[in-house]
**Q** 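I'd like to ask some things about the structure below.
Sequence lines set the chain letters: A, B, ... in the order given, protein chains first and strands last, and positions in each chain run from 1. Please read these numbers as outputs of a predicted model, since none were measured by experiment.
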Amino acid sequence: MGNVGATEVPVLLSPEGLRIDGRRLDELRPIRIEAGALHQADGSAFVEWGANKVMAAVYGPREVHPRHLQQNNKAVIQCKYNMAAFSVDERKRPGLDRRSQEISKVIAEAFESVVFAEEFPRTSIDIYIEVLQANAGTRCAGLVAASVALADAGIPMVDLLPAVAVGKIAGKIALDLKKEEDNFGEADLPMALVPQSGRLVLLQMEGHMTPDELAASLDLGVRGCREIYEKMKAALRERYAATVPSGGTP
Amino acid sequence: MGNVGATEVPVLLSPEGLRIDGRRLDELRPIRIEAGALHQADGSAFVEWGANKVMAAVYGPREVHPRHLQQNNKAVIQCKYNMAAFSVDERKRPGLDRRSQEISKVIAEAFESVVFAEEFPRTSIDIYIEVLQANAGTRCAGLVAASVALADAGIPMVDLLPAVAVGKIAGKIALDLKKEEDNFGEADLPMALVPQSGRLVLLQMEGHMTPDELAASLDLGVRGCREIYEKMKAALRERYAATVPSGGTP
Amino acid sequence: MGNVGATEVPVLLSPEGLRIDGRRLDELRPIRIEAGALHQADGSAFVEWGANKVMAAVYGPREVHPRHLQQNNKAVIQCKYNMAAFSVDERKRPGLDRRSQEISKVIAEAFESVVFAEEFPRTSIDIYIEVLQANAGTRCAGLVAASVALADAGIPMVDLLPAVAVGKIAGKIALDLKKEEDNFGEADLPMALVPQSGRLVLLQMEGHMTPDELAASLDLGVRGCREIYEKMKAALRERYAATVPSGGTP
Amino acid sequence: MSEEVTAEILMTHILDLAAEGKRMDGRGPDEYRAVSVEPGFVATADGSALARVGNTTVLAGIKLEPGKPFPDTPNAGVLTTNAELIPLSSPTFEPGPPQPGAIEVSRVVDRAIRAADTLDLTRLVVTPGEKTWVCYVDMHVLDHAGNLIDAASLAALTALSHATVPAKRFEVGDADYPLEVQHYPVECTFVRLGDTIVVDPTFEEEQAAQGRLTVATDENGRIVAMQKGLVGAFSPDDVKEVVRRALVHGDRLRAIAKGGPR
Amino acid sequence: MSEEVTAEILMTHILDLAAEGKRMDGRGPDEYRAVSVEPGFVATADGSALARVGNTTVLAGIKLEPGKPFPDTPNAGVLTTNAELIPLSSPTFEPGPPQPGAIEVSRVVDRAIRAADTLDLTRLVVTPGEKTWVCYVDMHVLDHAGNLIDAASLAALTALSHATVPAKRFEVGDADYPLEVQHYPVECTFVRLGDTIVVDPTFEEEQAAQGRLTVATDENGRIVAMQKGLVGAFSPDDVKEVVRRALVHGDRLRAIAKGGPR
Amino acid sequence: MSEEVTAEILMTHILDLAAEGKRMDGRGPDEYRAVSVEPGFVATADGSALARVGNTTVLAGIKLEPGKPFPDTPNAGVLTTNAELIPLSSPTFEPGPPQPGAIEVSRVVDRAIRAADTLDLTRLVVTPGEKTWVCYVDMHVLDHAGNLIDAASLAALTALSHATVPAKRFEVGDADYPLEVQHYPVECTFVRLGDTIVVDPTFEEEQAAQGRLTVATDENGRIVAMQKGLVGAFSPDDVKEVVRRALVHGDRLRAIAKGGPR
């Protein structure tokens, strides 16, 4: 979709209905989630998702910086999504660009919708997401990593936030686009789900879709989120198993 | 040393062992130090050292700005080393670059090592160094100027901080490099000494040296610093002589 | 005057003494002033003056931001003059440039000279001027708009501040230059008058003038300001008429 | 009474009204405020429009300049969209670098313009890989009474569809010519107030909202962009309902954007 | 006693003295402080001068580099003036981006240099539209004891009139040659203290001032630039008086700027 | 107990231990933490390595792009080193422009790479004065448990020595080829705790330190860079001792950096 004026368009869907990496339309890329990947952060997680590598860390509740953002009745939730200079094919200049600032904003708003911020007035909960290697879907990978990192930090939340992008390639709705699919596809629709309520706290879309395609995309995305949800819970169980002394009482 | 790919290399050492300006290997360039060169600053000094011209001013102890840097148990010591746009052959864009920020940091840390900062809690001692004309060794010239300016401001210190760079030219260890020697020499090693304790509070190095050459450089640098120390004290004596009414009681 | 090295110079004055838009030397361009043009601001005004379109808004007295600018004995008066990217022929990069910052400073100082700031200690009165379409004389148009906006906001002042630029074209002193006259004229002299005292609170000049020409320019400018003053008062009367219920007692 | 308490009471009032299907300004949940556009507002721009949605006012200006294509898209012109939330327009905006809110407005408007292929970017190219028109869309918020995205989108679309390519001025051609617009995307924004989803929120409704959802549609009934914003959530069914309503409002808004005199 | 009270007392004292035609440093209202210039202070610059007005010290340095003319003035060289109010020079200056005060100093000095046609910019051009000398004037305030504009203007003019075009170093010509100065504009600054208007204000007089007025004149008795600054007002008659006095001081200051050894 | 008091007690404890030649994590004064490097960690980079020194983790990524040589060195390629102390890695880092600490890390690592002639910059040139490879070394600190300089230096050296020049992708040649590394400089850092000088300090030891000293050595036993940091002092004899120890550690660290699979 960012490729007006580019020349070669790859075949995104085989006659058998398989995608360039052999996946079915409703199939996720492989995901590996490691809770507690860092030592300094209050909570952290590392996510490998297809060819994405994303690290998230959470600090807080802690003193608000800068001070004038402090709120008397709740914690402020701040998020910085950042891409490493070497995470993409063309080197990205270090520093926050407009895309990163927008993604940081919608991710912060997604977490504000589920964190019990009023339990920590006058504090800040700071979420840092670093994309180390990017291959489409980094904001969803970042959300998943950050959500596990928040849980790892013991921040009380309504629920974890699984996230995934649905897209349209060669006229078909497809789950979890990889880079070539995102570049040459017709639409991209990232979302984040609160599994408990079935509601979406992040939703963006760019491309071309009919209302029916959009409805089908939402349904496919929700199913994808529920699949990811299980992997997130498993990663946290593994983390707790590693930290609680075996055979001891809680 | 910043001249990979450059073409002409001058002869840095004559057959008689003399340098391009006729100095011996262990000889300093001429130094003139004027304490109290400015009127607004609490303390100041102007240093001409070879073809360097450096002005330093000290303000404080005074209110800390920005406020969040304030320390309850001591003064913060802040340093800004800056080069005027016209101080070098190729015009330098105004504003702090990374080199200036690094030099500001190591100079601030050098002075923090000798100032009795705990006598002035919750205040700031601000050191400003302006390089007006540069010809290698500006950080050492800045340190010497700032040290005299601190004394001129009446800030209590363990001792003055003489400073000098030692380098390696045409395979020999040499004191106080000038620009051509620095550009085409093999190593540069600036240092600042606490004469009282014989310890170094600033030490950097770039180039190629064997451990033996390094040891010899340290010894030569310490001797150079002690020579400069005498000139610093003389400048302050001259300053006090000018301000105390002649023949009066202190 | 910003046209060293440019080629074509238009004829600025006809043999009959008329200017390129048919005006006499002492004639203003048409002016339309609308007080209360915006809804969110505490006071506002829109000024169309020749081919200039300028919006001004006033907020305050309100909390000072940033806090360290707060004054214990009076309100601080802050002004931001800004040009929209599309307000000039060559697109202007968004953001404050040096010209805008200088104009903001002299306008703020002009209003500080007439606002009863001591009535509102520890507060800020914030003036925002946006040039939407520019055709010479924008700082004067901005001053006029801001002055009406301040009155609309109910800020007590010694007097309104009419403003106009006088210039020199084809060797003659002329009132209220338009763009071509400003570009190819010999001098530009913007001023703002306190009608009550007959004193100038803004005065700048660039170009070539003899002392006699300067004296004549001042006199012409003061007359121009008094003409604009009447239009400013009329705009405010219209605004009050629109807001006070007709036939009611104040 | 503190500002916080006042704000709290106002928000509760808005939510209570919404529960009965009412709004503070008397509108129904699916009622848009009065909308108008004034193309050609700024003579120095190559295209411009002042859009009003209730008391919200946004001025968009277009500037076209010759420049270089990006290295990876030698056959495409360059489109740059920028929104300025200048402090003139609201007591809540501060001077300084663009805030996340301004960046979101410009990116959401940009996304719809781009995804809808509003301009045929290949036609902006003068010499492939060498020279192209760069099209700047600058949106200046003048009065912020809620729903900036829709007002900015209307101003931008109207300005683009009335813009001229200044070929003569830049000596790229013999005469200026109209910029061709292929599609007409418009944004339509909703907020959730309890169980009620209302269109075209006021500033106060945005403060009270439990989620904002914007849907951009084109004249073929396609969805070209969406953006959920603010704290809050929407169910998939909410989203589907919002899309249906956005398509209806979109057609009316598009007619207004197109209707201005050329 | 608080700082504010001390400042208040000092300001009242200055105004009381002025009412009797006196000043704290013993000068009369139309008496300038001692002025000196030292050209060639900085060997690395293509031109430089240290100017002192009383205890106020400003160092100006000139650098010339080959560059491109602006697209709209292909036949004119480029002149860039910049003032740095570095925190070394005054307890009132802070590190960081240029403050409005610094910008005003550089713009007022720039305005006079430009309006007086100090340099013939067309002669800086090497190849029209392609290559020109870019002349940087950097003014570094070292000691701020009031009246920065005049000191900066003196330093800049002296540095320009002793500058060399480094044609050989940049391989633009066979030999370096002197930069030609056509006119000699100097700024002269006054402040109003009650009904008295005094020339060349000290830092403290600027604090107490009810308006500042700067007039730049050239060697032909023309006014080339003016700037009213600070809070306060001047009547048209005040302005005319200030212009008369500025012409007289201007001639003397110009002689000092020109007098330095070449 | 306040944070300050806690910190004070911890620092005293560290100094007391050091006086007996002990450390909080059980190491001896000249004992380095476990070190590992993982080259090729990032597939999008032209070279990369994750380095761990104890719990300190730094990721270095190399990118090579065609660009222009600097005008004064037409026959040399361009090397740019940048360290990002992102707030993810430590509670003490804040978002925003690079802090002095980050600048120091990148400059000290850069100095060693440059002084050791790690790369033959002349071989990066494609056309002298016209076109060269620009080599970016970006170091991303992920976990800051002390001694960033050594970890960053190890990550950078390993990434460089496993990097590929993307000649084919940028159509500069027919095939990509390995970036050639001529020398292997590694940094080794010490802090003084009272009279004891310990190698490879933890974060807490850096807080308690009375001076930090870094020595970079190459595989020929030469010293190529040094940096004294933090408040504190070293005698010339201290420095000589530190150099001796740095040479020994350097050989071991170099073997680790070289040892990763290619």
**Q** List, with distances to 0.1 Å, the donor-acceptor pairs found between chain B and chain E - the cut-off being under 3.5 Å and no angle criterion applied.
**A**
from	atom 1	to	atom 2	distance (Å)
B/His39	N	E/Asp143	OD1	3.3
B/His39	N	E/Asp143	OD2	2.7
B/His39	ND1	E/Asp143	OD2	3.0
B/His39	NE2	E/Asn55	OD1	3.1
B/Gln40	N	E/Asp143	OD1	3.0
B/Lys53	NZ	E/Phe41	O	2.7
B/Tyr59	OH	E/Leu88	O	3.0
B/Tyr59	OH	E/Ser90	N	3.0
B/His65	NE2	E/Glu94	OE1	3.3
B/Phe86	O	E/Thr44	OG1	2.8
B/Ser87	O	E/Thr44	OG1	3.2
B/Val88	O	E/Lys63	NZ	2.6
B/Asp89	O	E/Lys63	NZ	2.5
B/Arg91	NE	E/Asp138	OD2	2.9
B/Arg91	NH2	E/Asp138	OD1	3.2
B/Arg91	NH2	E/Asp138	OD2	3.1
B/Glu130	OE1	E/His140	NE2	2.7
B/Gln133	OE1	E/Ala43	N	2.6

**Q** Counting only non-hydrogen atoms closer than 4.5 Å, does E/Ile86 touch chain B with its backbone (N, CA, C, O), its side chain (CB onward), both, or neither?
**A**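 Contact with chain B involves the side chain of E/Ile86 alone.
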**Q** Against chain E, label B/Ala51 side chain, backbone, both or neither, depending on which of its atoms sit under 4.5 Å from a heavy atom there.
**A**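 Neither part; nothing is under 4.5 Å.
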**Q** Which residue out of B/Ala149, B/Pro94, B/Ala41 racks up the most heavy-atom pairs below 4.5 Å with chain E?
**A**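 Counting heavy-atom pairs under 4.5 Å, the top option is B/Pro94.
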**Q** Rounded to the nearest 0.5 Å, what's the gap from CD1 on B/Ile127 to SG on B/Cys79? Could you check?
**A**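 The SG atom of B/Cys79 is 5.5 Å from CD1 of B/Ile127, to the nearest 0.5 Å.
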**Q** Check whether any side-chain heavy atom of B/Leu236 lies under 4.5 Å from a side-chain heavy atom of B/Val148, and answer yes or no.
**A**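 B/Leu236 vs B/Val148: side chains touch.
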**Q** Evaluate the side-chain contact (heavy atoms from CB on, under 4.5 Å) criterion for residues E/Val35 and E/Leu154: first the C-alpha distance (whole Å), next the side-chain angles of each, then the deciding distance (0.1 Å), finally the verdict.
**A** CA-CA 9 Å; E/Val35 173; E/Leu154 271 173; 3.6 Å; yes
**Q** With distance as the sole test, does B/Arg19 use its side chain to make a donor-acceptor pair with the main-chain N or O of B/Glu181 at under 3.5 Å?
**A**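 A pair under 3.5 Å: no.
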**Q** Relative to chain B, which segment of E/Phe203 carries a heavy atom at a distance below 4.5 Å: side chain, backbone, both, or neither?
**A**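 No part of E/Phe203 comes within 4.5 Å of chain B.
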**Q** Between E/Val58 and E/Leu142, is there a side-chain heavy-atom distance shorter than 4.5 Å?
**A**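 The answer is no; the side chains never approach within 4.5 Å.
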**Q** So which of E/Ala45, E/Ala43, E/Ala145, E/Pro87 has the biggest tally of heavy-atom pairs under 4.5 Å with chain B?
**A**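 Max contact count across the listed options: E/Pro87.
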**Q** What's the separation between atom CZ in B/Phe46 and atom CD1 in B/Ile33, rounded to the nearest 0.5 Å?
**A**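 Result: 12.0 Å between the selected atoms.
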**Q** Given side chains that start at C-beta, do those of E/Leu50 and E/Val37 come closer than 4.5 Å, heavy atoms only?
**A**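 No, their side chains stay 4.5 Å or more apart.
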**Q** Taking only residues two or more places apart in sequence, or in another chain, which ones meet B/Arg139 in a salt bridge (Lys or Arg N to Asp or Glu O under 4.0 Å)?
**A**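 For B/Arg139 there are no salt bridge (Lys or Arg N to Asp or Glu O under 4.0 Å) partners, ignoring immediate neighbours.
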